[in-house]
Amino acid sequence: MQIAISATPPSGVPALAASSLARRPQSTVSAGILYASITFASAVTLPSLPAFTFGNQTIAPSSQYDLAFYDPSSGSYQAPAEGPATIAGSTIAFTAPATPYSFAAGTTYVFALYSQAVAPITTSASALTFSTLGASGAQTFTASEVGYTGTFSATSANPAVATVAPGTAANSFVVTPIAGGTTTVTLTDTNAQTATVSVSVTTGTFIPQ
């Protein structure tokens with residue numbers, strides 16, 4: 001198997017055009033950022049498309065990254081074939097869907113990296129105020145993002161004041177007050193976008209900030 005990474009597609013393969021991509025309304029698409037070409041010496045069937053990780057990338061703010069797949073037998077790109085990617089620092093990582101795919105010997109297949117602007121994370125509450133400690137005083141909020149189908153994670157900047165945990169409903173989070181003080185709950189999606197919910201606990205032992 002031969003793998004090549006370049007800023008342009010290999011000879012005979014068209015560049016990925018932004019106009020051919022399904023996109024969110026009013027989104028900005030950057031198509032054909034990188035091209036990964038794979039050629040197999042013999043015919044092979046894999047349990048999925050190959051998974052890719054691209055390091056040392058300049059990550060565009062508020063953007064989702066996907067991969068388009070070009071099979072010469074079809075003569076066109078399938079988009080998205082993988083994604084959205086998980087972004088960590090300057091690394092863009094993909095997990096391929098578990099669908100078997102057969103590759104012919106001596107044929108060059110191409111995966112094109114592209115990005116598109118995404119909507120911001122919104123929350124059902126921008127601030128939470130508590131006057132009762134413990135589970136009996138817990139409050140729930142939800143997170144959403146237009147066009148986003150991934151998951152959210154949530155962390156409390158000061159768990160000594162309030163903790164946060166996933167709720168029973170999709171994309172819901174339960175904030176439980178522990179002691180008096182203030183803190184912030186940060187929501188993060190897989191595109192490294194964040195949103196915050198401020199938390200104020202006005203009863204119990206005060207925790208200096």
Side-chain angles (χ1 to χ4, degrees), residues 1-41 43-121 143-153 187-195:
M1 180 177 68
Q2 295 181 334
I3 300 177
I5 306 292
S6 67
T8 57
S11 177
V13 176
L16 178 64
S19 59
S20 67
L21 299 172
R23 68 188 76 177
R24 297 181 176 88
Q26 299 180 346
S27 68
T28 300
V29 176
S30 295
I33 299 171
L34 282 177
Y35 294 87
S37 305
I38 298 180
T39 305
F40 293 89
V44 62
T45 297
L46 301 179
S48 70
L49 293 175
F52 291 88
T53 298
F54 301 93
N56 299 317
Q57 299 299 307
T58 300
I59 307 300
S62 301
S63 292
Q64 171 181 308
Y65 287 81
D66 296 278
L67 279 178
F69 175 53
Y70 183 85
D71 183 336
S73 65
S74 67
S76 61
Y77 283 97
Q78 173 192 342
E82 297 181 25
T86 298
I87 300 171
S90 61
T91 298
I92 303 171
F94 291 91
T95 300
T99 302
Y101 202 90
S102 296
F103 297 87
T107 299
T108 298
Y109 300 84
V110 178
F111 294 82
L113 177 67
Y114 67 95
S115 70
Q116 58 183 328
V118 295
I121 300 172
S144 61
E145 183 179 324
V146 175
Y148 177 69
T149 58
T151 59
F152 298 96
S153 61
L187 280 297
T188 306
D189 65 12
T190 57
N191 300 315
Q193 283 202 116
T194 61

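Using modelled atom types, one finds a donor on one side chain and an acceptor on the other under 3.5 Å when comparing Thr39 with Thr108.
A distance of 11.5 Å separates CZ of Phe54 from OG1 of Thr91, quoted to the nearest 0.5 Å. Rounding to the nearest 0.5 angstrom, the gap separating the CD1 atom in Ile87 from the OG1 atom in Thr190 is 7.5 Å. Of the inter-residue distances, the one linking Thr188 atom OG1 with Ile121 atom CD1 reads 6.5 Å to the nearest 0.5 angstrom. Separation of atoms CZ (Phe52) and CD1 (Ile5) is listed at 6.5 Å; rounding is to 0.5 Å. The CD atom of Gln57 sits 5.0 Å away from atom CG of Leu34, with the distance rounded to the nearest 0.5 Å. Between Asp189 atom CG and Thr86 atom OG1 the span is 10.0 Å, to the nearest 0.5 Å.
The minimum heavy-atom distance between Ser90 and Ile59, with the atom names listed, is CA-CG1, 4.2 Å. The two residues Tyr114 and Leu67 come nearest to each other via the heavy atoms CE2-C, 3.9 Å. Closest approach of Ala98 to Ser48, counting heavy atoms only: CA-CB, 4.0 Å. Of all the heavy atoms in Leu16 and Ala31, the pair that sits closest is O-CB, 3.4 Å. Closest non-hydrogen pair, Ser63 versus Val118, comes out as N-CG2, 3.8 Å. Shortest non-hydrogen contact noted between Leu187 and Phe152 is CD1-CB, 4.4 Å.
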Tell me which donor-acceptor pairs under 3.5 Å the side chains of residues 69-82 have, and how far apart each pair is, sequence neighbours excluded?
from, atom 1, to, atom 2, distance (Å)
Asp71, OD1, Ser73, N, 3.0
Asp71, OD1, Ser73, OG, 2.8
Asp71, OD2, Ser73, OG, 3.3
Asp71, OD2, Tyr101, OH, 2.5
Ser74, OG, Asp71, O, 2.9
Ser74, OG, Ser76, O, 3.3
Tyr77, OH, Pro14, O, 2.6

Stepwise, does the side-chain contact (heavy atoms from CB on, under 4.5 Å) test hold for Phe40 with Leu46? CA-CA 11 Å; Phe40 293 89; Leu46 301 179; 4.0 Å; yes
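No donor-acceptor pair closer than 3.5 Å links the side chain of Tyr65 to the backbone N or O of Phe94. Looking only at distances, a side-chain donor or acceptor of Gln193 sits under 3.5 Å from a matching main-chain atom of Ala119.
Counting heavy atoms from C-beta outward, Pro50 and Phe111 have side chains that approach closer than 4.5 Å.
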